[in-house]
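Throughout, protein chains are lettered first and strands after them, A, B, ... in sequence-line order, and every chain is numbered starting at 1.
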Amino acid sequence: MARILITSAIPYINGIKHLGNLVGSQLPADLYARYMRDRGNEVMFICATDEHGTPAELAAAKADKPVEEFCAEMHQTQARIAEGFRLSFDHFGRSSSPQNHALTQHLAGKLAEAGLIEEVSERQVYSHADGRFLPDRYIEGTCPNCGYDKARGDQCENCTKQLDPTDLIEPRSAISGSTDLEVRETKHLYLRQSTMKDQLDSWINSKTDWPVLTTSIAKKWLHDGDGLQDRGITRDLNWGVPVKKGNEDWPGMEGKVFYVWFDAPIEYIAATHEWADAHNKDDADWLRWWRTDKGADDVRYVQFMGKDNVPFHTLSFPATIMGSGEPWKLVDYIKSFNYLNYDGGQFSTSQGRGVFQDQALEILPADYWRWWLLSHAPESSDSEFTWENFQAGVNKDLADVLGNFVSRVTKFCRSKFGEEVPEGGTLGDTEQTLISELTKRIRAYEDHMDAMEVRKSAAELRAIWVAGNEYLQSAAPWSVFKTDPETAAAQIRLSLNLIRLYAVLSEPFIPDASARILEALQTEDDSWPDDIVTALSVLPAGHAFTVPDVLFSKITDEQREGWAEQFSGTRE
RNA sequence: GGGCCUGUAGCUCAAUUGGUUAGAGCAGAGCGCUCAUAACGCUUUGGUUGCGGGUUCAAGUCCUGCCGGGCCUACCA
């Protein structure tokens with residue numbers, strides 16, 4: 001039994017996320033966590049909300065709520081949605097937790113002791129009307145290069161020229177529109193990750209099994225231009241982790257907080273601490289996942305994230321961990337994803353384009369989304385959601401191939417033998433053929449799941465479902481029954497056991513349907529089929545079951561057309 | 001501008017890292033079955049692998065030049 005630590009990139013707090021966010025990290029992480037648990041491993045699956053930063057403050061202001069209250073409510077909302085999608089986090093934490101405050105401050109103190117923190121005085125734009133310093137992107141003005149009047153302070157979207165906010169002609173706040181801006185001197189802490197470049201480089205180079213997407217992004221940041229740059233890890237904001245050196249005040253840093261990208265990944269660790277506290281456990285219980293000197297040396301740590309998160313997880317966070325000089329667990333494998341597009345364009349939060357997570361759950365059960373999204377996960381390149389593909393995939397795979405198989409077997413049994421597993425008869429060559437095919441396919445499924453090959457796993461699972469229909473067609477118990485009911489009984493006994501096997505194998509993808517099948521079969525035996533023959537004899541002759549309701553009803557053309565219309569434009 | 005990824009059947013994707021005749025699912029066509037959610041099974045149509053050069057006994061795979069799509073480019077996260 002292995003110990004697997006799994007983290008999903010933590011979703012930002014400023015609103016409800018769309019399906020792209022789900023398929024890019026949380027859903028595949030959940031698939032892997034469920035599978036690893038099903039295989040009997042000890043799993044710690046952690047996620048959280050990422051709550052700090054300017055956008056959170058602005059979203060709270062827009063909602064006319066104090067930021068603490070806004071974040072607390074939105075955390076609850078996101079937690080409910082995660083529950084709705086059956087994301088099986090061991091803990092869903094908050095980056096604003098006291099545990100994260102303490103750990104972030106502690107690690108900053110350690111980095112300072114190691115000489116890896118530098119104080120830098122810099123000039124930032126302050127807006128009197130907004131009462132805050134403005135990040136470059138929140139300053140708008142006329143581009144000095146092309147004259148575009150909505151250029152942002154970091155870059156002109158029109159001519160793509162990189163800008164400094166002070167380059168802008170007639171700069172104004174993007175928040176309030178105020179032109180009452182002032183350049184102020186302010187002091188910030190920088191993480192001297194440039195001094196760790198070689199260490200990070202050799203670490204990345206040692207990860208030869210990582211996806212190209214992951215390592216190429218890391219190498220680009222390490223070697224591009226002047227190489228890895230130092231990074232500011234503090235901000236002039238109210239909402240965040242106050243800058244401290246461990247428990248001590250940090251002279252000159254009063255009123256400042258750590259930058260959200262500094263404290264967000266630390267929350268992976270702190271959330272595990274939150275988990276321990278929430279379950280009345282000791283520090284040792286969470287430290288054994290994270291400290292290699294306290295039991296974590298045999299932990300395999302896997303991170304899931306969208307490609308936009310890769311630099312922070314391959315460079316900044318490892319620099320924090322390594323630089324601390326303490327034996328915190330470094331990530332062993334990073335599974336990164338491309339983006340999911342919506343019907344020919346990007347999902348857009350601001351334009352309300354695409355399907356948001358709360359809306360998805362309102363129109364269809366979680367399993368529909370889980371199956372389609374995972375079987376189309378954007379692994380090798382961006383992938384695309386269209387209503388036609390979604391309808392076709394869900395109807396064919398879930399309703400016709402799997403759902404109908406369960407239906408035809410249980411209903412046939414009920415009509416010919418009653419609602420219990422029939423006895424008598426023996427198995428023949430057709431059954432041997434099925435068993436050898438299942439054995440081969442299930443081992444392939446395990447290999448793909450172990451390798452986190454999401455789409456290939458889904459395709460193999462589907463092929464396993466298809467094998468059941470092929471078997472029924474060649475065994476044809478409905479004709480055999482007319483002349484040889486004993487043999488038909490043996491065939492149906494095997495088929496009923498096959499349904500249980502499907503429930504077990506499918507659990508990581510479609511946990512609700514899996515549970516409903518096991519309930520209908522009136523069994524709690526969900527053990528993994530290490531041996532197929534054994535697994536196909538779990539339900540003995542005489543075992544009672546019930547015929548389940550339709551597992552997956554089909555998406556109609558009318559529904560599809562209605563939803564395509566409903567989600568094309570602005571969110572209600 | 002720079003870097004990276006990507007382009008394979010009408011659609012969504014494979015192809016053991018250079019090795020037989022480029023494979024699956026969906027959609028289309030034909031046949032079969034009648035237990036089942038008009039479901040299932042079998043057979044089948046469909047490709048000059050974006051385009052042009054090159055290396056090689058051998059190229060979807062490597063090199064090069066175009067064309068198209070996408071992402072990142074460090075103060076949104």
Side-chain angles (χ1 to χ4, degrees), chain A residues 9-14 50 52-56 58 122 124-125 133-139 152-155 160-162 164-165 174 188 193 211-213 215-217 219-221 223-225 228-232 235-236 259-261 264 306-312 315-316 338-339 341 346 375-376 378-384 386 388-389 391-393 395-416 455-456 458-459 462-463 466 468-481 488 491-492 495 547 549-554:
Chain A
I10 65 179
Y12 198 62
I13 196 72
N14 64 342
D50 178 15
H52 298 136
T54 306
L58 296 178
E122 55 190 20
Q124 297 252 312
V125 175
F133 281 93
L134 297 176
D136 292 355
R137 297 196 183 202
Y138 285 98
I139 302 159
R152 297 189 315 192
D154 56 336
Q155 184 175 36
T160 73
K161 186 178 170 62
Q162 307 253 338
D164 190 87
H188 282 295
Q193 52 187 18
V212 180
L213 184 66
T215 50
S216 66
I217 292 173
K219 285 177 182 171
K220 157 82 161 132
W221 281 52
H223 301 297
D224 191 45
L228 188 62
Q229 300 297 296
D230 292 342
R231 200 173 174 95
R235 291 291 182 273
D236 289 293
Y259 176 43
V260 5
W261 261 115
K307 57 186 168 186
D308 51 331
N309 277 321
V310 169
F312 305 97
L315 303 170
S316 312
N338 289 284
Y339 292 145
N341 290 319
Q346 292 194 3
S375 61
H376 294 77
E379 287 177 300
S380 56
S381 62
D382 292 353
S383 67
E384 175 152 317
T386 67
E388 287 78 8
N389 280 337
Q391 179 195 28
N395 286 355
K396 196 71 196 172
D397 300 346
L398 295 182
D400 295 344
V401 176
L402 176 62
N404 182 55
F405 178 77
V406 172
S407 199
R408 65 195 296 206
V409 170
T410 53
K411 286 181 179 174
F412 180 78
C413 184
R414 180 173 61 185
S415 75
K416 305 298 186 207
R455 277 188 316 220
K456 287 180 183 174
R462 185 190 192 280
V466 167
N469 285 307
E470 289 170 354
Y471 165 71
L472 274 192
Q473 184 65 31
S474 64
W478 49 89
S479 0
V480 173
F481 181 80
Q491 292 169 339
I492 289 302
S495 300
V547 174
D549 291 335
V550 166
L551 279 179
F552 301 99
S553 53
K554 295 197 190 188

Checklist line | Atom P, compared across B:G19 and B:G53: separation rounded to whole Å | finding: 24 Å
Next item on the list: Taking only the side-chain nitrogens and oxygens of A:Lys220, find out if one of them lies under 4.0 Å from OP1 or OP2 of B:A74.
Entry: no
Margin query: Counting the atoms with a prime plus P, OP1 and OP2 as sugar-phosphate, which does A:Val310 contact under 4.0 Å by heavy atoms, base, sugar-phosphate, or nothing?
Written below: nothing
Note to self: By a 5.5 angstrom centroid cut-off and a 30 degree plane limit, is there stacking between A:Phe412 and B:C35?
What the structure shows: no
Next item on the list: Using a heavy-atom cut-off of under 4.0 Å over every strand shown, decide if A:Leu134 touches base, sugar-phosphate, or nothing.
Entry: nothing
Next item on the list: Look at all strands and tell whether A:Lys456 reaches a base, only sugar-phosphate, or nothing, counting heavy atoms closer than 4.0 Å.
Entry: sugar-phosphate
Notebook entry, point to check: Any donor-acceptor pair under 3.5 Å joining the side chain of A:Asn404 to the base of B:A39?
Noted result: no
Next item on the list: Look at the side chain of A:Glu384 against the base of B:C11 and say whether a donor-acceptor pair falls under 3.5 Å; ignore hydrogens and angles.
Entry: no
Margin query: Classify A:Gln124 by what it touches in the nucleic acid, base, sugar-phosphate, or nothing, heavy-atom distance under 4.0 Å.
Written below: base
Margin query: Distance check needed: B:U12 P versus A:Asn338 CG, whole Å only.
Written below: 15 Å
Next item on the list: For A:Ser479, answer base if it contacts any base atom (sugar-phosphate contacts may also be present), sugar-phosphate if it contacts only those atoms, and nothing otherwise; contact means non-hydrogen atoms under 4.0 Å.
Entry: nothing
Next item on the list: Could you check if the base of B:U21 is syn or anti? Syn means the glycosidic torsion is within 90 degrees of 0.
Entry: anti
Check: Within this structure, what is the CZ-to-C1' distance between A:Phe405 and B:C40, rounded to whole angstrom?
Finding: 11 Å
Check: If you look at every strand shown and take non-hydrogen atoms under 4.0 Å, does A:Asp136 touch a base, only sugar-phosphate, or nothing?
Finding: base
Note to self: In whole Å, measure the gap between the C1' atoms of B:C40 and B:G52 for me.
What the structure shows: 48 Å
Checklist line | Contact under 4.0 Å: A:Arg408 side-chain N or O vs B:U34 OP1/OP2 | finding: no
Note to self: Just to be sure I understand the rule, does A:Val550 reach a base, reach only the sugar-phosphate, or reach nothing, if contact means heavy atoms closer than 4.0 Å?
What the structure shows: base
Note to self: Using a heavy-atom cut-off of 4.0 Å across all strands, would you classify A:Gln391 as base, sugar-phosphate, or nothing?
What the structure shows: nothing
Next item on the list: In whole angstrom, give the distance that lies between atom CZ of A:Phe312 and atom C1' of B:A77.
Entry: 7 Å
Next item on the list: Please determine, for B:G7, whether a Watson-Crick or G-U wobble partner exists with both distances under 3.5 Å, and give it or none.
Entry: B:C67
Check: Contact class for A:Gln229 (heavy atom, under 4.0 Å): base, sugar-phosphate, or nothing?
Finding: base
